[in-house]
Trainee: 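Quick one: structure below, then a few questions.
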Number of protein chains: 2
Amino acid sequence: MKLSTRGRYGLRALIDLASHEDEGAVSTQSIAQRQNISESYLEQLIRMLKKGGLVLSVRGAGGGYRLAKKASEISVGDILRCLEGSLDAVACPAIEGSDCDSANACVSKFVWKRINDAIAQAVDSVWLSELVAESHKLQTAQKEQKEQKEQEGRPSAKSRDEINAQIIREMQNQGI
Amino acid sequence: MKLSTRGRYGLRALIDLASHEDEGAVSTQSIAQRQNISESYLEQLIRMLKKGGLVLSVRGAGGGYRLAKKASEISVGDILRCLEGSLDAVACPAIEGSDCDSANACVSKFVWKRINDAIAQAVDSVWLSELVAESHKLQTAQKEQKEQKEQEGRPSAKSRDEINAQIIREMQNQGI
DNA sequence: GAAAAACCGTAGTAATTTAGTAGACTTTTT
DNA sequence: AAAAAGTCTACTAAATTACTACGGTTTTTC
């Protein structure tokens, strides 16, 4: 019942992409750097998102990726299903079609449908745009906090980029 | 986001146990036979359920296991958490305590709480007693259907036990 | 009181899945 | 033409899962 790194990385990558879209197409390299994810691995993930119709690619120099829809029209469920496959906790043929030889084939139909539906409802009601907003709020809050600490101590030696990188690293250890 | 066999087997085992409780303590051997699960593996699972306080053991010859509470007081969530650990799709320290060094540590807190809560709500609202009732309904329905088919064809060579065993086997391929 | 039935626990192992790497190739812009 | 960027496949290492094996201990029943 755990989400794998595919889902977590993918979500982070899309938040990052959405946050930088005003600067034009976003390269996997830049996302990989900012998010501290292996570039090659990220490429695979983002290609899955392309196949799923969530992002568009722009080839050639200066190219990269772009959201295929508005961030407010992409749900967390859309993203996770692209990367993790079906989110159903238990796959039962009876739920989808009527592949079972009897109409009431197994107990799954009863329990699992409820559970699977609840999961689907949850992930489909959170939108990428919300995550972007939330992430932006957190980052600026943390940045201010850091900068204040630096000022209190010895004169700040860290650049803004270093501070950002550290925040990303901290996020990584905390589940997303 | 998939349930492992631990959860599925465990659920089947408890349904089986609850269904046979009126005959006294239920041995792991008998459950393993009826449910077609490795006895040794099942023992491990049921010991986890004991540690979790869902079943009691009765030692010695003629012993076995018993539900620790009424079937109507054991939720699917209780069972799955015993066997699969936390059902949270993503573990984030920020959700539980305030282990994060900042109050608003990561985006997880926002998204994952909603998702995790939905899953919890779903599994905690289905009770073992419902599964037992459902399973009983299905089995008798399927049994009748089978027996009818047998009568139509050549004279029934299969015993009632063989028919039961087959139903169990079919259930197994269908998700539970 | 001995044997059988049952619970208890750990260690190991095979199979599967996940996470990540490597590298060669194609397309497009500058 | 060269550089930047996406595309694709295959391989490998680590982790997890699903068992299996086996050597116990406890309790009941005959």
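Owing to the predicted nature of the structure, the values given are computational and were not obtained by experimental measurement. So that the names make sense, note that chain A is the first sequence line, chain B the second, and so on, each numbered from 1.
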Trainee: The side chain of A:Lys50 is closest to which nucleotide in this list: D:dT7, C:dG20, D:dT20?
Mentor: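 Closest nucleotide among those given: D:dT7.
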
Trainee: Under the 3.5 angstrom rule, does the side chain of A:Ser30 hit a backbone N or O of A:Val26 as a donor-acceptor pair?
Mentor: no

Trainee: For D:dG6, take OP1 and OP2 only and decide whether either is under 4.0 Å from a side-chain N or O of A:Thr28.
Mentor: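 So the side-chain polar atoms of A:Thr28 do come within 4.0 Å of the phosphate oxygens OP1 or OP2 of D:dG6, strictly under.
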
Trainee: Please give, in whole Å, the distance from D:dA15 P to A:Arg6 CZ?
Mentor: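 It works out to 17 Å between those atoms.
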
Trainee: Measure from the side chain of A:Ser27, starting at C-beta and using heavy atoms only, and say which of D:dG6, C:dA6, D:dA21 lies closest.
Mentor: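 Nearest listed nucleotide: D:dG6.
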
Trainee: How many Å lie between CD on B:Glu84 and P on D:dT17, as a whole number?
Mentor: 8 Å

Trainee: Tell me: CD of A:Gln35 to P of C:dA19, nearest whole Å?
Mentor: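 Going from A:Gln35 (CD) to C:dA19 (P), I get 17 Å.
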
Trainee: Is B:Ser4 near enough to D:dT17 that one of its side-chain N or O atoms lies under 4.0 angstrom from OP1 or OP2?
Mentor: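 The answer is no; no side-chain N or O of B:Ser4 sits under 4.0 Å from OP1 or OP2.
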
Trainee: Looking at C:dT18, I'd like to know if its phosphate oxygens (OP1 or OP2) sit under 4.0 Å from a side-chain N or O belonging to A:Tyr41.
Mentor: no

Trainee: Calculate the interatomic distance between A:Leu45 atom CG and C:dA19 atom C1'; express it in whole Å.
Mentor: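 These atoms are roughly 10 Å apart.
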
Trainee: Between B:Glu84 and B:Ser4, is there a donor-acceptor pair closer than 3.5 Å when you use the side chain of the first and the backbone of the second?
Mentor: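 Here the side-chain-to-backbone pair exists.
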
Trainee: B:Leu83 has an atom CG; how far is it from atom P of D:dT16, in whole Å?
Mentor: 18 Å

Trainee: Counting side-chain heavy atoms from CB outward, which of D:dA4, D:dT20, D:dT7 is closest to A:Ala61?
Mentor: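 Among the listed nucleotides, the one closest to the side chain of A:Ala61 is D:dA4.
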
Trainee: OP1 or OP2 of D:dC19 less than 4.0 angstrom from a side-chain nitrogen or oxygen of B:Tyr9, does that happen here?
Mentor: yes

Trainee: Choosing from C:dA22, C:dA19, C:dC8, which nucleotide comes nearest the side chain of B:Ser57?
Mentor: C:dC8

Trainee: Between the side chain of B:Lys2 and the main-chain N/O of A:Ser86, is any donor-acceptor distance below 3.5 Å?
Mentor: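 Checking the backbone N and O of A:Ser86 against the side chain of B:Lys2, a donor-acceptor pair under 3.5 Å is found.
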
Trainee: Expressed in angstrom and rounded to an integer, what is the separation of A:Ile46 atom CD1 from C:dA19 atom C1'?
Mentor: 17 Å

Trainee: Any donor-acceptor pair under 3.5 Å linking the side chain of B:Gln35 with the backbone of B:Asp16?
Mentor: no

Trainee: Is a side-chain donor or acceptor of A:Lys69 paired with a backbone partner of A:Gly53 at a separation under 3.5 angstrom?
Mentor: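 No; judged by distance alone, with no hydrogens or angles, the pair does not exist.
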
Trainee: Between D:dG23 atom C1' and B:Glu43 atom CD, what is the distance in whole Å?
Mentor: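 Value for this atom pair: 13 Å.
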
Trainee: Looking for any heavy atom pair under 4.0 Å, which part of the strands does B:Ser40 touch: base, sugar-phosphate only, or nothing?
Mentor: base

Trainee: Just so I know, are the side chains of A:Ile46 and A:Leu17 near enough to count as touching, which here means a heavy-atom distance under 4.5 Å?
Mentor: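 In contact.
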
Trainee: Could you tell me the separation between the CD atom of B:Gln33 and the P atom of C:dA5, rounded to a whole number of Å?
Mentor: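 Atom CD in B:Gln33 sits about 13 Å away from atom P in C:dA5.
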
Trainee: Can you find a donor-acceptor N/O pair under 3.5 angstrom joining the side chain of B:Gln44 to the base of D:dT20?
Mentor: yes

Trainee: Check this one for me: any side-chain N or O of A:Tyr65 less than 4.0 Å away from OP1 or OP2 of D:dT7?
Mentor: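 True: A:Tyr65 side-chain N/O within range (under 4.0 Å) of D:dT7 OP1/OP2.
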
Trainee: Quiz question: going by heavy-atom distance under 3.5 Å, is there a donor-acceptor pair between the base of C:dG9 and the side chain of B:Arg47?
Mentor: yes

Trainee: Between C:dA4, D:dT20, D:dG6, which one does the side chain of A:Arg59 approach most closely?
Mentor: D:dG6

